[in-house]
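Only one structure is covered here, and it is reproduced in the block below.
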Amino acid sequence: MEEDPEVLEPLNPPVEPTVTEVGGRFNVKKVEPGDLPPSLPKQHSLDDPGEGSDDNGDKIENLDDGEVDLELGDGRQYSKNSVRFGPLPSSYTSASTREGENSAQNRDHLPLADNEESMYNHMALYEDDLTHHGKLSQILNRITSYQAGIQPNPNDIEKGTGKPKANLGTILGVYLPCIQNIFGVLLFVRLTWIVGMAGAMEAFCIVFICCSSTMLTAFSMSAIATNGVVPAGGSYFMISRSLGPEFGGAVGVLFYLGTSVASAMYILGSVEILVKYMAPQSNIFEDVFNSYRLYGTLVLLILAFIVFVGVGFVSKFAALSLACVIISILCIYIGIFVANPDRSVEVCMLGERLLTQDAVTFNGTFMCTKNESGPIYHRYCVEESNTSSSCDYFKNPNTEVHILKALPGLPSGVFANNMWNKYTQKGKVIGTEMEGSERRGEIIAELTSSFMVLLAIYFPSVTGIMAGSNRSGDLADAQKSIPIGTIAAICTTSSVYLSSVLFFAGCIDGNVLRDKFGVSIGGSLLIGKLAWPHEWVILIGSFLSTLGAGLQSLTGAPRLLQAIAKDGVIPFLRVFSVTTKRGEPFRALLLTAFISEIGILIGNLDYVAPIITMFFLMCYGFVNMACALQTLLQTPNWRPRFRFYHWTLSLVGLSLCIVLMFISSWYYALAALAIAFCIYKYIEYKGAEQEWGDGIRGLAMSAARYSLLRLQSGPPHTKNWRPQLLVLMKLDDNLQPMFPKLVLFASQLKAGKGLVLVNSVLEGNFRDRYPDAQASKQSLINLTKEYGVKGFSDVSIATDVTEGLCQLIQNAGLGGLKHNTVVLGWPYGWRHDEDDRSYRVFLDTVRNVGAAQMALLVPKGINQFPDMGAKLRGTIDVWWIVHDGGLLMLLPFLLCQDRTWKNCKLRIFTVAQTEDNSIQMKKDLQTYLYQLRIPADVDVVEMANSDISAYTYERTLIMEQRTDMLSKIRNAQVGNNGSASRVPTITLPPVMN
């Protein structure tokens with residue numbers, strides 16, 4: 001028996017999906033010809049389902065269950081249920097095989113997986129969704145690859161060609177990188193000086209405040225990081241996707257600037273260690289800061305070249321840098337506990353003044369004595385530059401010369417002497433109020449110290465908490481690792497910093513602590529002298545770790561700038577989104593090196609650190625603000641896995657960051673805020689096109705809802721009245737605005753700061769004309785943007801235009817934010833148009849506006865109104881006939897606020913009859929305008945009754961009679977309590993022209 005050919009049945013209009021080939025073979029069902037309507041075309045047929053091939057070279061093999069296996073020989077595409085030429089529409093499927101009259105009923109009891117025909121019939125219900133969105137397995141695969149607003153590449157997902165993740169855990173991915181970035185140069189070169197100047201108590205408070213701000217920020221950052229998948233962009237992506245493109249761009253730039261300047265701080269720190277402590281002979285200038293600038297520039301060029309040619313080297317060097325940091329800290333702690341007077345270095349004191357080692361050394365011999373043959377007497381009394389007061393101080397019997405142990409150790413009891421601050425003004429001897437001189441060997445304060453100054457200098461040493469989030473793309477489970485690793489790293493570093501403050505105050509003499517550069521101990525690094533077993537362990541470790549931190553900053557800052565540039569929120573930065581063939585942001589690296597060079601040219605580490613403090617404090621403040629904002633708004637998508645957060649903690653963190661900014665340096669704080677504000681307004685002016693579902697949009701929605709509910713409470717007071725305009729725009733046959741200057745007229749009234757709605761009505765059926773409505777709406781939106789109108793545009797569809805306009809007059813707006821004034825175009829050419837709709841729509845709309853008790857503006861000759869940007873001179877004449885509450889006065893006044901009409905004067909005309917007192921009328925009108933505070937000239941035009949035409953006079957009488965009659969009818973109906981009453985009629989005589 002000959003088999004029936006197989007055909008394809010088109011069920012719906014074809015949709016062209018992508019068809020993948022699996023091994024070149026698919027199963028194709030056999031079909032009975034009687035199952036198909038005779039009008040459907042046959043796309044492909046198999047003449048013989050047996051072994052062999054058809055005319056096209058397709059190989060066919062018999063399979064079980066009435067199926068055949070088809071292997072195409074000509075490159076055609078196919079699927080399991082259909083075969084055709086070209087791309088395969090999913091809307092085509094093969095007809096079911098006839099298995100008898102009751103075959104469907106016999107298989108209904110089978111499960112869906114076994115009942116194959118029933119399964120395909122059920123899946124046909126979801127055919128469109130499968131076409132547009134893909135199969136459920138593909139959707140789930142894309143969801144798992146979702147990157148918080150970054151659309152994954154479907155091809156990479158299917159082929160598995162995406163960039164492989166390192167799958168780092170909490171320790172290697174977050175904890176250790178944070179440790180490396182938090183422990184910086186200030187721990188080695190400035191913390192002892194801060195303890196000496198501020199004292200143990202205030203230094204502890206400085207460290208505690210800084211660590212508290214980072215801990216609170218870590219809580220907020222953990223909540224944001226666990227609210228969805230963290231993309232491989234770190235802190236910038238978290239802030240921008242939480243606060244929107246404006247805030248994200250501003251904070252991103254500040255964070256980039258802070259990271260770039262931080263590289264300068266690390267390079268200056270490494271150069272200071274090199275020139276001051278490791279190789280003092282390398283100082284080739286009288287001013288050591290010039291040496292810092294020279295060597296810092298050379299180190300910057302070397303590091304930038306390394307970053308450009310070998311990022312792999314940076315990663316390897318990071319491990320060495322981390323090892324140096326850990327070993328150095330361990331050596332410091334060991335040295336703290338083994339410190340004692342026997343292994344301590346000695347320093348010389350003259351009264352309360354700590355002297356440099358060079359001042360008390362003669363021919364290589366340490367001579368801390370008051371003898372006249374000693375070097376101290378020679379510096380104070382012999383040299384010409386010294387005054388008699390300095391010699392008198394030396395010869396004073398109360399001025400004793402004594403030797404101190406610089407590192408007496410914890411049992412010595414020096415902690416009590418180091419409890420309180422010894423802040424010193426610039427130029428004074430450290431720890432005293434006395435004027436000093438470096439020629440006498442005294443150690444002079446090079447800047448005025450205070451709690452706020454020391455706080456600004458120290459804060460950069462606690463930054464680096466976002467190192468883990470910056471590596472989120474390489475973490476196996478970022479939502480788990482970032483909170484645990486970051487908080488653990490902050491706890492570890494905070495413990496080290498806080499304990500170091502107490503240990504330094506307990507084992508080092510206070511005068512030596514205040515010696516910033518260690519000149520009293522021969523120009524050595526004080527931490528190095530304290531460490532065990534030798535100071536060179538600290539010198540080498542601190543130098544390498546500082547260089548590593550500088551490399552990390554020079555590597556991360558260009559990539560951060562590239563991420564900002566690729567987002568496109570700041571147009572002038574797009575040039576930095578370009579990368580080399582190896583994917584390196586070379587242009588961004590050049591800019592980063594330039595900014596870092598500016599910081600290096602400052603030269604002094606103490607002046608660079610406060611700049612970094614401002615940038616990072618702003619960044620941390622915005623992270624806290626983002627978390628607090630999302631929590632308070634209670635948006636449905638705010639579901640962080642990290643539960644140990646609260647909006648109060650975020651607000652405290654935000655407040656702390658702001659306070660720290662201003663108490664550290666109010667002028668730096670204002671400068672940072674000014675930069676952020678300028679970038680914010682620039683992005684807002686350029687119009688950020690990105691929509692990231694951020695918290696600022698949610699805040700705007702909440703504020704709008706609150707404001708609308710407030711407006712709904714009652715009608716506005718007279719003082720708050722302003723024209724809320726509904727512009728009814730007529731469209732031409734091409735769906736373009738017929739009178740576009742109506743919108744320009746509305747924009748010239750925008751001085752009222754009111755609502756502007758630009759609406760139109762299309763006649764027809766909604767389902768048929770919906771695309772036209774959307775196109776028309778876009779035309780209106782473009783028109784409002786062209787004229788700079790801040791308002792809303794929409795197009796409605798109605799079967800009758802008059803009815804549609806009536807509905808707009810009634811229902812446009814929302815809640816208390818509704819229009820009170822309607823702007824309507826004048827119907828031109830109605831006299832010559834046979835269709836009465838040309839004026840009927842206008843008249844009905846005028847009546848509807850009057851019934852709604854709204855103001856109506858009908859600008860006649862709108863096409864002759866001045867163009868945008870034109871400037872007019874002359875007068876605006878207002879003929880004031882009826883008292884309307886001042887609206888007729890207010891509108892021209894608002895027009896005069898626009899630059900087009902700004903140079904025009906306002907004139908008010910009113911009409912007085914012969915029996916009226918025109919002088920008194922003018923005086924009253926001037927008083928009325930004075931009360932309205934509207935400057936205008938008043939003219940009263942006297943007209944006799946004979947000047948008014950008979951037609952106008954008779955029509956006025958008829959209107960008065962009609963009004964009187966309607967009033968009598970209403971009174972009669974009220975008197976009869978609603979009972980039927982006879983309505984009198986009046987026959988009006990014809991009016992003669």
Side-chain angles (χ1 to χ4, degrees), residues 178 181-182 184-186 210 213-214 217-218 221 233-240 243 247-269 300 455-470 546 549-565 570 573 576 588-589 591-600 602 605-626 653-654 657-658 660-662 664-665 667-680:
C178 287
N181 281 267
I182 295 175
V185 63
L186 296 177
C210 295
S213 66
T214 56
T217 304
M221 184 185 70
S235 54
Y236 163 69
F237 279 93
M238 285 193 298
I239 297 172
S240 61
L243 294 179
F247 277 106
V251 179
V253 171
L254 290 176
F255 190 54
Y256 162 74
L257 293 176
T259 307
S260 300
V261 179
S263 66
M265 182 190 72
Y266 292 128
I267 292 174
L268 283 175
L300 173 63
L455 180 65
I457 294 174
Y458 174 76
F459 187 84
S461 64
V462 299
T463 60
I465 63 173
M466 295 184 176
S469 63
N470 292 335
T546 307
L551 269 176
Q552 294 290 334
S553 298
L554 285 177
T555 304
R559 282 157 178 77
L560 175 60
L561 179 61
Q562 182 196 13
I564 300 172
I570 305 178
L573 291 181
F576 297 106
L589 177 61
L591 180 62
T592 303
F594 176 75
I595 296 174
S596 180
E597 176 63 18
I598 294 176
I600 291 173
I602 295 176
L605 186 66
D606 298 327
Y607 294 153
V608 176
I611 301 175
I612 304 171
T613 298
M614 295 302 112
F615 291 141
F616 280 106
L617 277 174
M618 283 204 67
C619 181
Y620 295 164
F622 277 109
V623 170
N624 287 296
M625 187 177 77
L654 172 60
C657 289
I658 295 176
L660 288 178
M661 286 177 61
F662 281 93
S664 299
S665 177
Y667 44 88
Y668 279 159
L670 291 178
L673 291 174
I675 295 174
F677 178 78
C678 292
I679 298 174
Y680 178 92

If you look only at distance, which donor and acceptor atoms sit under 3.5 Å apart when one is on a side chain in residues 613-620 and the other is two or more places apart or in another chain?
unit_1	atom_1	unit_2	atom_2	d
Thr613	OG1	Ala456	O	2.7
Thr613	OG1	Ala609	O	3.0

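- By the side-chain hydrogen bond (donor to acceptor under 3.5 Å, both in side chains) test, Glu597 pairs with Thr297, sequence neighbours left out.
- Between Ile267 atom CD1 and Leu300 atom CG the span is 4.5 Å, to the nearest 0.5 Å.
- With sequence neighbours left out, Leu589 forms a side chain to side chain contact (heavy atoms under 4.5 Å, CB included) with Val307, Phe308, Pro558.
- Taking both residues in full, the closest heavy atoms of Tyr266 and Gly184 are given as CE2-CA, 4.4 Å, listed atom of the first, atom of the second, then distance.
- Considering every non-hydrogen atom in both Val462 and Thr214, the closest pair reads O-CG2, 3.5 Å.
- Put simply, CZ on Phe255 and CE on Met466 are 5.5 Å apart, with the number rounded to the nearest 0.5 Å.
- Smallest separation of non-hydrogen atoms from Leu186 and Tyr458: CD1-O, 3.9 Å.
- Between Val608 and Gly599, the closest heavy-atom pair is CG2-O, 3.6 Å.
- The side chain to side chain donor-acceptor pair (under 3.5 Å) analysis of residues 250-261, with sequence neighbours excluded, yields the pairs Tyr256-Thr592.
- When side chains are defined from C-beta on, Val253 counts as touching Leu573, because their heavy atoms get closer than 4.5 Å.
- Phe459 meets the ring pair (Phe, Tyr, Trp, His ring centres under 6.0 Å) test with no other residue; sequence neighbours excluded.
- Here the CD1-OG distance, from Ile611 to Ser665, works out to 9.0 Å after rounding to the nearest 0.5 Å.
- From Ile658, atom CD1 reaches atom OG of Ser213 across 12.5 Å, with rounding to the nearest 0.5 Å.
- With values rounded to the nearest 0.5 angstrom, Leu673 atom CG is found 11.0 Å from Cys678 atom SG.
- A pairwise comparison of heavy atoms in Ile465 and Ala218 identifies CD1-N, 4.5 Å as the closest pair.
- Taking CG from Leu654 and OG1 from Thr217, the interatomic distance works out to 9.5 Å, rounded to the nearest 0.5 Å.
- When all heavy atoms of Leu660 and Leu455 are compared, the closest pair comes out as CD2-CD2, 3.2 Å.
- For the side chain to side chain contact (heavy atoms under 4.5 Å, CB included) test, residues two or more places apart in sequence or in another chain that qualify with Leu670 are Phe662, Trp666.
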